[in-house]
Amino acid sequence: MNMKEVERKWQARWEKTKFNNFDDRSSKPKKYVLEMFSYPSGAKLHIGHWYNYGPTDSYARFKRMQGYNVFQPMGFDAFGLPAENYAIKTGVHPKDSTEKNIATMEGQLRAMGAMFDWSAEIKTCDESYYKWTQWMFLQLYKKGLAYRKEAPVNWCPSCSTVLANEQVVDGACERCGTTVVRKNLTQWFFKITEYAEELLTGLENLDWPEKTKLMQKNWIGKSTGCEIEFDCDTGDKIRVFTTRCDTVFGVTYVVLAPEHPLAKKLTTKEQLPAVEAYIEETSKVNEIDRLSTAREKTGVFTGSYCTNPVNGKKVPIYLADYVLYSYGTGAVMAVPAHDERDFAFATKYGLPIVKVIENTAGETVLPFTEDGIMVGSVDFDGLSGEEARDAVAAHIAKLGKGGKKVNYRLRDWLVSRQRYWGAPIPILYCPVCGTVPVPEKELPVRLPYDVEFRPDGKSPLAKHEKFMKTVCPQCGGEATREADTLDTFVCSSWYYLRYADANNDREPFDRDEVDKLLPVDTYVGGAEHACMHLLYARFFTKALRDMGYLDFDEPFLRLVHQGVILGPDGNRMSKSHGNIVSPDEYVEEYGADAFRLYLMFGFSYTEGGPWSDDGIKAIARFMDRVEKIVLKVKDYPTGGGMLGKEEKNLNYARHYAISRITRDMEAFSFNTAVARLMELVNAIYKYDALEEKNYTLLKNTVKDLLLLMAPCAPHFCEELWEQTGGKGSVFEQSYPKEDPNALVLDETEYAVQVNSRIVCKTMVENGLSNEEIEAQVKALPEIGEKLAGKEVKKCIVVPGRLVNLIVG
RNA sequence: GCCGCUGUGGCGAAACUGGCAGACGCGCGGGACUUAGAAUCCCGUGGGAAACCGUGCAGGUUCGAUUCCUGUCAGCGGCACCA
């Protein structure tokens with residue numbers, strides 16, 4: 001078959017008949033199948049795109065043939081850092097390079113033959129889209145879910161610019177090699193923590209991979225503990241969070257994160273130089289290193305003391321970078337006897353170690369971090385575990401110094417970016433009225449085209465006078481615009497909603513349209529999004545629900561992660577590894593269908609693996625075999641009504657394939673689905689080789705083969721469907737349904753074991769009782785030998801599988 | 001470092017809920033067809049002469065473990081400004 005011609009023919013026909021567009025008037029149940037949209041960083045589709053979109057499209061087509069009205073949109077996550085970096089390097093404007101890349105990718109995505117509904121296409125960098133991204137920001141702002149506070153950024157003092165984590169290599173700027181420092185800026189945040197509890201409990205009912213749910217759960221990091229207030233001699237109060245308030249009598253010092261607002265305030269004059277040097281030093285260390293338990297602990301004494309509320313003891317206040325300002329209260333009570341980090345720190349700095357928990361199961365070796373009996377804790381001695389913590393927390397509450405507290409590791413979402421290529425934050429600053437949201441009717445706040453990208457200490461928009469200067473909508477006076485743009489994750493947190501009503505210019509989406517199409521039934525994308533994108537999108541959905549814009553709680557009911565196709569050397573494909581494999585030559589040589597089929601067959605979908613093209617020829621051969629037999633059988637007469645053993649076998653193979661492929665397609669187990677197709681083809685060839693055959697049965701089996709295969713090789717099967725006289729599109733046909741009767745066999749092969757070792761196999765008539773099976777097995781000559789003179793102590797019959805005789 | 005995942009023939013991989021390890025392919029070996037090659041078709045193929053041994057490694061639970069548990073090694077993903 002001339003695949004190039006066939007692909008063009010069917011793609012043109014689908015386009016012309018709007019075959020892939022969602023049918024708004026259909027009464028069939030809807031199925032929203034969504035692949036994570038593409039980031040147009042390079043001009044061409046890479047193997048990862050094909051791997052994500054090809055097999056998932058086959059799933060969508062499968063659902064369509066099962067009678068669903070399928071919606072499968074596609075778009076582009078078009079803002080982002082790479083386009084801006086490319087602009088800095090080459091001078092090509094991000095808008096120009098992005099639009100060019102998108103145009104190329106659109107063409108390639110069409111050539112893939114996926115049934116994307118292009119009428120719902122979105123590009124996040126279009127005004128018609130980011131207008132509504134800005135609108136989302138305003139709604140969150142109005143709802144009190146967007147706020148400003150100081151937060152650190154990576155700062156390159158030489159380039160005078162903010163760096164993304166990715167641009168920091170070994171603590172230095174990737175461009176100039178200067179050591180990067182942390183610097184505080186006032187930035188915008190979304191209050192995702194407000195939804196921490198619901199984001200956690202909502203996971204329960206989602207059909208998501210368990211590992212992904214677990215990762216989100218750990219990311220949210222709920223822990224129940226106690227907040228305790230330590231009064232400082234200066235009159236300030238330090239609040240600490242601990243999950244081990246049963247150790248509070250063992251506190252020998254308190255530690256603040258170096259960024260803690262009280263850090264400098266509590267420092268005595270004598271200690272100031274040391275403290276300042278330490279803070280400076282820590283600003284160069286990243287969080288991952290700071291959290292490393294293997295790294296040597298460092299810290300500095302502030303010179304001040306505070307009081308342990310439970311025993312009135314004065315303890316010194318230290319700064320140390322193993323305490324993070326972003327977690328809990330940014331301060332901890334240190335109990336070196338019962339915490340490994342505190343123990344290491346106390347040992348290094350010669351601080352006292354006071355044991356207050358005794359091991360009940362043996363010797364107490366410090367640091368002892370498990371639950372045990374409280375000692376040296378006055379009235380609480382003898383208590384342990386939860387009971388101890390409850391009692392201590394209640395006591396602290398009674399003292400008015402804190403009490404039980406639920407804490408989340410989840411932090412608010414920092415959405416400000418000091419960059420150009422993103423949606424401008426729709427806020428302005430008026431000397432009179434303060435922070436003022438841009439009125440909705442003035443949206444979008446347009447991203448100006450003529451900007452200076454060269455990093456020189458000011459973000460690109462801040463340098464653009466015409467953009468920055470504006471008028472306050474409240475007082476009419478002069479005002480300045482916010483110069484930061486939004487994190488691209490904001491754009492991708494609501495795109496799946498926009499697809500439902502992509503061309504609406506009055507509102508981000510019509511509520512009825514969204515409630516009709518959403519939630520997404522099946523969402524497919526990389527596991528690297530497990531925590532951030534997927535959590536942000538869930539947060540947006542919940543916030544929009546609470547603001548009355550939609551009527552469901554979760555955006556993605558089912559989630560599937562495709563694996564990663566690595567380079568042939570087993571490394572992630574990248575320019576630096578020089579191991580990038582382009583799909584283009586394969587598609588050119590074998591066609592889109594063969595390439596898709598190969599991706600489905602050659603890898604476990606959720607695992608991925610190193611690229612290898614061994615076997616792509618086998619797929620081409622398989623397709624040839626299918627074509628040959630389909631065209632051969634087409635010309636057979638009908639009739640031949642016999643139903644012997646051979647016919648029964650063929651019909652069994654046919655319905656076994658239907659049953660298994662249906663199950664495998666549903667489960668995204670594409671490699672086994674294709675294997676079952678191959679088996680069916682083998683069975684058909686075997687039957688066709690017989691002298692006499694039931695032509696009607698053979699024709700029906702071949703027809704089912706075409707229908708089963710259609711989602712996996714869409715152009716190829718459309719063409720064969722047409723050539724064999726099929727009416728309309730093959731995708732308008734119903735997916736074959738299994739006949740349970742055809743799958744019932746007269747007998748089943750059992751493995752027979754003696755003492756759990758296989759001795760022989762035997763055919764067992766179906767429907768026998770366990771006792772009858774046991775008797776039959778014992779009568780086998782091979783078994784008789786083994787059992788000679790021995791007593792059968794136990795007989796285990798696993799129905800349909802095996803018999804295990806235990807003899808003594 | 002922390003969180004999560006993965007590890008099965010020469011290779012890609014299968015294996016329902018603890019029940020015959022290696023389906024389906026690649027590769028390889030043999031054969032048919034052909035003047036020859038290509039293509040195609042058929043047969044065989046975990047290791048071992050065999051007893052037996054085999055799912056990263058060491059243990060455990062069980063009549064039975066690729067599957068469950070403990071420990072360990074290796075690789076991969078994420079760690080909040082890459083998306």
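Letters A, B, ... mirror the listed sequences (proteins, then strands); counts begin at 1. Scope of the values below: all heavy atoms of this structure, side chains included, with no hydrogens, waters or symmetry mates.
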Undergrad: Checking only heavy atoms, does the side chain of A/Arg801 share a donor-acceptor pair with the base of B/C16 at less than 3.5 Å?
TA: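 Such a pair is found, so the answer is yes.
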Undergrad: Side chain of A/Phe601 only, please: which of B/C16, B/G25, B/C63 is the nearest?
TA: B/G25
Undergrad: Base, sugar-phosphate alone, or nothing: which one does A/Ala618 contact when heavy atoms must sit under 4.0 Å apart?
TA: sugar-phosphate
Undergrad: Heavy atoms under 4.0 Å, any strand shown: does A/Gln418 hit a base, just sugar-phosphate, or nothing?
TA: base
Undergrad: Using whole Å, what does the distance between atom C1' of nucleotide B/U62 and atom CD of A/Gln753 come to?
TA: 13 Å
Undergrad: Within the 4.0 Å limit for protein heavy atoms, which parts of nucleotides 37-56 of chain B are touched? Write it as a string from 5' to 3', B for base, S for sugar-phosphate only, - for none.
TA: ---SS-----------S---
Undergrad: If the cut-off is 4.0 Å, is A/Arg341 near the phosphate of B/G1, judged by side-chain N/O to OP1 or OP2?
TA: no
Undergrad: Below 30° counts as parallel, above 60° as perpendicular, anything between as tilted: where do the rings of A/His533 and A/Tyr495 land?
TA: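 It falls in the tilted class, 30° to 60°.
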Undergrad: Which of the following nucleotides, B/G19, B/A13, B/C81, is nearest to the side chain of A/Val798?
TA: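 The answer is B/G19, which lies nearest to the side chain.
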Undergrad: Rounding to an integer number of Å, can you tell me how far A/Met600 CE sits from B/C26 C1'?
TA: 19 Å
Undergrad: Counting only Watson-Crick or G-U wobble pairs whose two distances fall under 3.5 Å, which nucleotide matches B/C68?
TA: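 Across all strands, the one nucleotide that pairs with B/C68 is B/G60.
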Undergrad: When rounded to the nearest Å, what value does the distance between C1' atoms of B/C20 and B/U40 take?
TA: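 B/C20 and B/U40 have their C1' atoms separated by 35 Å.
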Undergrad: Check every strand shown and say whether A/Gly608 touches a base, only sugar-phosphate, or nothing at a heavy-atom separation below 4.0 Å.
TA: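 Contact class for A/Gly608: sugar-phosphate only.
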Undergrad: Which is true for A/Val564 with a 4.0 Å heavy-atom rule: it touches a base, it touches only sugar-phosphate, or it touches nothing?
TA: nothing
Undergrad: Could you tell me how far apart A/His533 (NE2) and B/A83 (P) are, to the nearest whole angstrom?
TA: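 Between P of B/A83 and NE2 of A/His533: 13 Å.
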Undergrad: Report the distance from atom CZ of A/Arg660 to atom P of B/C24, rounded to the nearest whole Å.
TA: 12 Å
Undergrad: Taking any heavy-atom pair under 4.0 Å as a contact, classify A/Ser416: base, sugar-phosphate, or nothing.
TA: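 A/Ser416: base contact, heavy atoms under 4.0 Å.
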Undergrad: Of the nucleotides B/C63, B/C24, B/A80, which one has an atom closest to the side chain of A/Asn804?
TA: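 Given the options B/C63, B/C24, B/A80, the side chain of A/Asn804 is closest to B/C63.
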Undergrad: Between B/C3, B/C81, B/C20, which nucleotide has the shortest distance from any of its atoms to the side chain of A/Ile758?
TA: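 The answer is B/C20.
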Undergrad: Where the side chain of A/Arg411 is concerned, which of B/A80, B/C16, B/C5 is the nearest nucleotide?
TA: B/A80
